[in-house]
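Encoded as structure tokens, the structure appears first; notes follow it.
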There are 2 protein chains.
Amino acid sequence: MDIHPGLCDTPGMTATTLREAQDRFVAVWGQMAGAWGVSRTMAEVHALLYIVGEPMNTDDVMERLQISRGNASMSLRALLDWGIVERAHKRGDRKEYFVAEQDVWTLFRAIVRQRITREVDPLLAALYEIRDMTAPERKHARADPGDEARAKLDAHARRLDAMLEFFQTLEQFAATFVSPAGRGLQAAAVLLAKTHRPRAEQAP
Amino acid sequence: MDIHPGLCDTPGMTATTLREAQDRFVAVWGQMAGAWGVSRTMAEVHALLYIVGEPMNTDDVMERLQISRGNASMSLRALLDWGIVERAHKRGDRKEYFVAEQDVWTLFRAIVRQRITREVDPLLAALYEIRDMTAPERKHARADPGDEARAKLDAHARRLDAMLEFFQTLEQFAATFVSPAGRGLQAAAVLLAKTHRPRAEQAP
DNA sequence: TCACGGTTTCAGAACATTCTGAAAGCGCCG
DNA sequence: CGGCGCTTTCAGAATGTTCTGAAACCGTGA
């Protein structure tokens, strides 16, 4: 804290407040993480890189978030894998620096892309398999109509199909959002939101 | 296992296969859960109720999933809170029974509604607060243009605003999907998916 | 009012995840 | 080639989450 007497306001205060605001952003983003199946630290590291906006190296991150080298390294690598943080270098410095994607829509497109391939695709595959498990049985049952077992099998298959259809639709929707053509979808969403918004607010 | 010799196929086998298919569905759904910040058991209970399609009571659930009474009770209550499972009763039976919402789109609408109010709303509130933290500082800085501190504050505010705008849009979008008018959105999504789908597949 | 079938609660046990720090790995430069 | 600066790895510690089971609770019928 370097407070010059007589000029006790602007320079020191501004830096402190900014840092506090950044820390709160990091904390909030970290909270969010748990609820979405992402590890807290990973989210915090990303939040830090995003809100600071400048390249940081492993030591910067360690010190700012008070985490171990191992943890920082792991989190940064994971963020690279997700494609929402990139490596950067400074001349005359052998350290690696990292920067977060700064365009919010690009950021979320990357996240959606990852989650679809990591979670929805395997889910769809599993659902197909499960539906096929009872297919032979249903064929048999079909020969014997009015059977109660048959009705059960059919209802079961109908429920699986409903799920399948939903996730197929979701996947297509996401694919459109993610693809280069997805800008259109983004624009549509923004427009939709604007027309429906009850009242826009702005700080004075 | 009651296998009648000579007629060793349809009746016993069908029940077994169906049960296996159900179990796999439950397992898959449970896996999914972790990745989305939902407890595994809760998801499994829901999956069971959905795929079985008939009302089940606490003991049924306990036995089928091999979980304790306490756990079953907690999970069922949570599912009721989420509004995706409902109580049901059978005449002459004092036990409570539970049924899962069977319409997939209604199900996901309920989930989206919950997550928005539980996670996005508080997030938005926090982001507004954080942006306002630096507002007074920025006013000061404005008097002293060309200042480096000012540029930093502005960049910081810009990043927060980008996030805010994104989540506002998301919220509006979700609100449209969730609202009664949201059927329109659903139809649009289905249509979009159909037109873009490379090739539809169907079991023979 | 009590006894009874059923449900909820919760402290502590079991389990799972995340984090640390020291050691190993990697590639560059002299 | 050997030392150096930096990054990655991973076994075990720390922490956080979920589950159990027994006790408390609740409402109903006798």
Side-chain angles (χ1 to χ4, degrees), chain A residues 26-49 55-82 85-100 115 118-119, chain B residues 26-27 29-49 55-82 85-99 115 118-119:
Chain A
V26 168
V28 165
W29 206 241
Q31 295 265 217
M32 193 77 170
W36 292 91
V38 178
S39 95
R40 205 183 82 272
T41 305
M42 191 176 142
E44 286 186 348
V45 173
H46 174 259
L48 181 62
L49 289 173
M56 298 179 84
N57 62 38
T58 308
D59 295 83
D60 295 339
V61 173
M62 284 169 62
E63 201 218 295
R64 187 72 187 268
L65 299 182
Q66 297 288 344
I67 60 177
S68 73
R69 181 169 304 282
N71 198 4
S73 174
M74 296 277 231
S75 300
L76 285 167
R77 159 182 278 280
L79 290 170
L80 289 172
D81 286 349
W82 277 66
V85 160
E86 299 214 318
R87 290 177 207 274
H89 289 280
K90 291 192 174 174
R91 336 222 127 278
D93 189 343
R94 281 175 59 189
K95 280 197 189 73
E96 279 197 309
Y97 283 73
F98 302 89
V99 227
R115 300 209 75 151
R118 287 175 197 208
E119 287 140 34
Chain B
V26 167
W29 206 241
Q31 295 266 214
M32 193 77 172
W36 292 92
V38 179
S39 95
R40 206 183 80 271
T41 305
M42 192 176 142
E44 285 185 348
V45 173
H46 174 260
L48 181 62
L49 289 173
M56 299 179 83
N57 62 38
T58 308
D59 294 84
D60 295 339
V61 173
M62 284 169 61
E63 201 219 295
R64 187 73 185 266
L65 298 182
Q66 298 289 342
I67 60 177
S68 73
R69 181 168 303 283
N71 198 4
S73 173
M74 297 276 230
S75 301
L76 286 167
R77 161 182 276 278
L79 290 170
L80 289 172
D81 286 349
W82 277 67
V85 160
E86 300 214 317
R87 291 178 208 272
H89 289 279
K90 291 192 173 175
R91 336 224 126 277
D93 189 343
R94 279 173 60 187
K95 283 198 188 70
E96 278 196 309
Y97 283 73
F98 303 88
V99 227
R115 301 209 74 149
R118 286 175 197 208
E119 288 141 33

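Residue numbering restarts at 1 for every chain, and letters A, B, ... go by the order of the sequence lines.
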To the nearest Å, how far apart are L65(B) CG and dT18(D) P? 16 Å
To the nearest angstrom, the CD1-P distance between I67(B) and dC15(C) comes to 16 Å
Mind calculating the distance between NE2 (H89(B)) and P (dG5(C)) to the nearest angstrom? 19 Å
For N71(A) and dG16(D), what is the distance between atoms CG and P respectively, to the nearest whole Å? 13 Å
Check every strand shown and say whether S39(A) touches a base, only sugar-phosphate, or nothing at a heavy-atom separation below 4.0 Å. sugar-phosphate
Describe the nucleic acid contact of R77(A) in one word from base, sugar-phosphate, nothing, applying a heavy-atom distance below 4.0 Å. sugar-phosphate
Nearest 0.5 Å, please: how far is CG in D60(A) from CG in L48(A)? 9.0 Å
Relative to the 5' end of DNA chain D, which residue comes earlier, G70(A) or D93(A), by the nucleotide with the nearest heavy atom? D93(A)
Spacing between L76(A) atom CG and dT18(C) atom C1', to the nearest angstrom: 16 Å
Distance check needed: dC26(D) C1' versus K95(B) NZ, whole Å only. 17 Å
Minimum heavy-atom distance S68(B)-M62(B), with the two atoms named: O-CG, 4.0 Å
With side chains defined as the heavy atoms from C-beta onward, is the minimum distance between E96(B) and T58(B) less than 4.5 Å? no
Measure CE/M62(A) against C1'/dA22(C) and give the value in whole Å, please. 13 Å
Assign each of F98(B) and R94(B) the nucleotide of DNA chain C bearing its closest heavy atom; nearer the 5' end lies the nucleotide of R94(B)
Which nucleotide in the list dC19(D), dG21(C), dT8(D) gets nearest to the side chain of S68(B)? dC19(D)
Does S73(A) have a side-chain nitrogen or oxygen under 4.0 Å from the phosphate oxygens OP1 or OP2 of dT7(D)? no
One pair to check against side chain to side chain contact (heavy atoms under 4.5 Å, CB included): V28(A) and M32(A). What are the steps and the verdict? CA-CA 6 Å; V28(A) 165; M32(A) 193 77 170; 5.8 Å; no
Are the side chains of F98(A) and H46(A) in touch, meaning some heavy atoms are under 4.5 Å apart? no
Could you tell me the separation between the CD atom of E96(B) and the P atom of dT28(D), rounded to a whole number of Å? 12 Å
For the side chain of R40(A), starting at C-beta, report the closest nucleotide among dC19(C), dC6(D), dT9(C). dC19(C)
